[in-house]
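As C-alpha cells, the structure follows; a few thoughts come after it.
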Amino acid sequence: MKKAAVIGAGMMGHGIAQLFAMAGLDVVLVDVNEEILDKALKEINWSLGKLVEKGKLTDENAKKTFLRVKATTNLEDACKDVDFVVEAVPENLELKKQVFSRLDKASPNHTILATNTSSLSITEIANATQRPEKVVGMHFFNPPVLMPLVEVVKGEKTSDETVETTINLAKRLGKTPALVKKDVRGFIVNRILVSMFTDACHAVRRGEATMEMVDATIKYKAGLPMGAFELADYLGLDIVYSVSKVMEEAYGERAKVCPLLEQLVKEGKFGQKSGKGFYDWTVGRPRIPFKLAGKYDVERVYAVSINEAAWMVYEDVADPQNIDTAVKLGTAWAQGPCELADNLGIDNVLAKLKELYNKYGEEVYKSCPLLEEYVGKGWLGKKTKRGFYTYE
Ligand code: CAA
C-alpha cells in the first residue's frame, strides 16, 4: 500500500490524512473548496509542529511528512491511483452514499473504501457501490493524531480480507484496532459516550445539577480527561447531535436526544469550532471548577456507562475485553466499563440503576438483563472472583 485518499478535510479528515503521511504513505486530501483545504493544511502543519516541539518527530521528518500531503477539490482525479480511501464527510447517509458511488467509479478495482462514520450503517453505505466486500468501517477518534484507537467495523458483506488489511493498516498508522463484530449503531465507544452524555444532559435539563457540577465530577472524581459537556463541545455539537439522532432511531427511548443539545444545534452553536456551545470557547478551553467535584452523583455516571456495555455483551457486539480496550484507548478512561463494574460490584451497579429507574422511570436506567443474570448467579465482580471477567 503506497497511496491513499481522504475525502473530507474537516477535523477528522485532516487528522487522518496526517496519520497516513506520518506512516510514509502519499495522501491526497479532498474537499469541496480551496478554503477548507487551506485551513486543513495549516492545521496539519500546526500539529506536526507540536509533535516536533514534544520530541515525537524530528524537524526534518515533519517537513517530509508535510510534503507527502496533497490537497485537491477533484475527487475523481485524487482517487484514480490510490490503494485505500477513507471517507470523512458529514454524518449524512445520503451524502455518504453519493460519495461512495463516486469513489467506486473513480478508484482502481483493488482499492478498499473505508468510512470514518461514527454511527451510520456500513452495510447501507457499502450497498451504494459495486464492491460491498471492499467497504469497511474505519472509525478514528478525535483528535486522530493523539487517540490510539481505531474501531474496525464489518458490514454484512465486508470480506475477511478487507477486515484484515484494514486492521494491518490501522497498526501501520500506529493505532490499536478494536474489531466490532456487528454493524450496530454507535459501534462501541460512542454507545458508551452517548449514554453518559444523555444521562448528564437530561439531569441538567431537569435542573438537578449544572453542567459545571457534572463536568467537575466526571473530570476530578471519575478521573476522565474531559467532562461530558466539555467533550461534546470539543467534538462538535452538530456531530454529537447527528450521532445521537441515529442512536435514538436505533435504540429508542434508551437513547432519547436531550432537548438542550437540540436547541444549541438549532441556534448554530456547535461548540469549540463555532466559539459557543454548552461553554463559551471564545475565551479559551472551559475552566471547570474543582470545588464542584462530587456535586453530581458519580455512581450514576458509572451505572449508565456500565449498563450500555452490558447491552453490548448481551447482544454479542463485542466481548468485555474489546469494550474495555476500546473505551480506554478511544476516550482515555483509566478503566473500561466492564473492569469498573467488576471493581464496584455488579450488585451495587444494578442497585443504582434500579434506584434511578424508580425515580425517573426512563428507559436509559432500565437495567440490561445480563446484569440481572450475573447478580442472580452470584457473579458480582472481583469480590466473588467472577463478573464480566474471571479472577483467580
Ligand atoms: N496534534 C498534536 N498535538 C495536539 C493535538 C493534535 N491534533 N491536539 C492537541 N495537541 C496538544 C495540545 O496543543 C497540548 O500541547 P501543549 O502541552 O504544548 O499545550 C497537548 O496536546 C495536550 O493537550 P491539552 O493540554 O489541550 O489537553 P489534554 O491534556 O486534556 O489533552 C486530549 C487533550 C488528548 C484531547 C485529552 O483531553 C483527551 O484524551 N480527551 C478525550 C478525548 C476523547 O474522548 N476523544 C474521543 C471522543 S469520541 C470520538 O472522537 C468519536 C466520534 O465519533 C465522535
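Any value given below was found using the heavy atoms of this structure, including those in side chains, with hydrogens, waters and symmetry copies removed. Whatever order the structure lists them in is the order used to number ligands and atoms, beginning at 1.
The closest protein non-hydrogen atom to atom 38 (C) of ligand 1 is P225 CB, 3.7 Å. Closest to atom 49 (C) of ligand 1, if we only count protein heavy atoms, is F141 CD2, 3.4 Å. Protein heavy atom at the shortest distance from atom 37 (O) of ligand 1 is M226 CE, 3.5 Å. Closest to atom 1 (N) of ligand 1 among all protein heavy atoms lies S47 OG, 2.7 Å. In terms of protein heavy-atom proximity, atom 8 (N) of ligand 1 is closest to L146 CD1, 3.8 Å. Given atom 47 (C) of ligand 1, the protein heavy atom at minimum distance is L235 CD2, 3.6 Å. Summary of contacts: the protein heavy atom closest to atom 25 (O) of ligand 1 is R285 NH1, 4.4 Å.
Across the listed options I192, I44, L193, L193 owns the non-hydrogen atom lying nearest to atom 48 (S) of ligand 1. When the heavy atoms of Q18, K50, H14, H139 are ranked by distance to atom 12 (C) of ligand 1, first place goes to K50. Looking at V327, V52, N142, N190 and measuring to atom 54 (C) of ligand 1, the nearest heavy atom belongs to N190.
In summary, the atoms of ligand 1 found under 4.0 Å from a heavy atom of P143, numbered by their order in the structure, are 7 (N), 35 (C). In summary, the atoms of ligand 1 found under 4.0 Å from a heavy atom of E53, numbered by their order in the structure, are 18 (O). Atoms of ligand 1 found under 4.0 Å from any heavy atom of M147 (numbered from 1 in listed order, with element): 39 (O), 42 (C), 43 (C), 45 (N). With ligand atoms numbered from 1 in the order given, ligand 1 contributes 39 (O) to contacts under 4.0 Å with heavy atoms of A332. Near L231, meaning under 4.0 Å from one of its heavy atoms, ligand 1 places the atoms 42 (C), 43 (C), 44 (O).
Taking 4.0 Å as the cut-off between side-chain N and carboxylate O, K256 and E363 do not count as a salt-bridged pair. Ion pairing between E373 and K377 holds under the 4.0 Å rule for side-chain N and carboxylate O. Note on E124 versus K96: no salt bridge recorded, every NZ/NE/NH1/NH2 to OD/OE distance being 4.0 Å or above. At a threshold of 4.0 Å, the pair K63-E60 does not count as salt-bridged, since none of the basic side-chain nitrogens sits closer than that to a carboxylate oxygen. Here D183 does not pair with K181 in a salt bridge; the nearest charged N to carboxylate O distance is not below 4.0 Å.
When heavy-atom distances to ligand 1 are checked against a 4.0 Å cut-off, W333 has no atom that comes that close, whether in backbone or side chain.
In this structure, M12 has no heavy atom closer than 4.0 Å to ligand 1. At least one heavy atom of G330 sits closer than 4.0 Å to an atom of ligand 1.
Taking a distance limit of 4.0 Å, we find that atom 23 (O) of ligand 1 is approached by no protein heavy atom. Checking atom 33 (C) of ligand 1 against the protein gives no heavy-atom contact under 4.0 Å. Put simply, atom 3 (N) of ligand 1 has protein non-hydrogen atoms near it, under 4.0 Å away.
Between the D31 side chain and the A9 main chain, a donor and an acceptor come within less than 3.5 Å of each other. A donor-acceptor pair is defined here as one N or O able to donate and one able to accept, closer than 3.5 Å; such a pair exists between the side chain of R172 and the backbone of M1.
Among the atoms of K54, some N or O lies under 3.5 angstrom from an N or O of ligand 1. For ligand 1, none of its N or O atoms has an N or O atom of Y234 under 3.5 Å away.
S101 and K105 are linked by a side-chain donor-acceptor pair at a separation below 3.5 angstrom, with hydrogens and angles left out of the test. No side-chain N or O of Y365 forms a donor-acceptor pair with one of N358 less than 3.5 Å apart.
One hydrophobic cluster, built from ILVMFWY side chains closer than 4.5 Å, holds both L380 and L370.
Between Y374 and F388, the ring planes lie perpendicular to each other; the angle is over 60°, past the 30° to 60° tilted range.
Using a 4.5 Å cut-off on side-chain heavy atoms (C-beta onward), V204 and F278 make no contact. Looking at Q98 and V89, their side chains never come closer than 4.5 Å, going by heavy atoms from C-beta outward.
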Starting from the C-alpha separation in whole Å, work towards a yes-or-no answer on salt bridge (charged side-chain N to carboxylate O under 4.0 Å, His left out) for K328 and E339. CA-CA 11 Å; K328 285 192 283 187; E339 289 170 309; 3.2 Å; yes

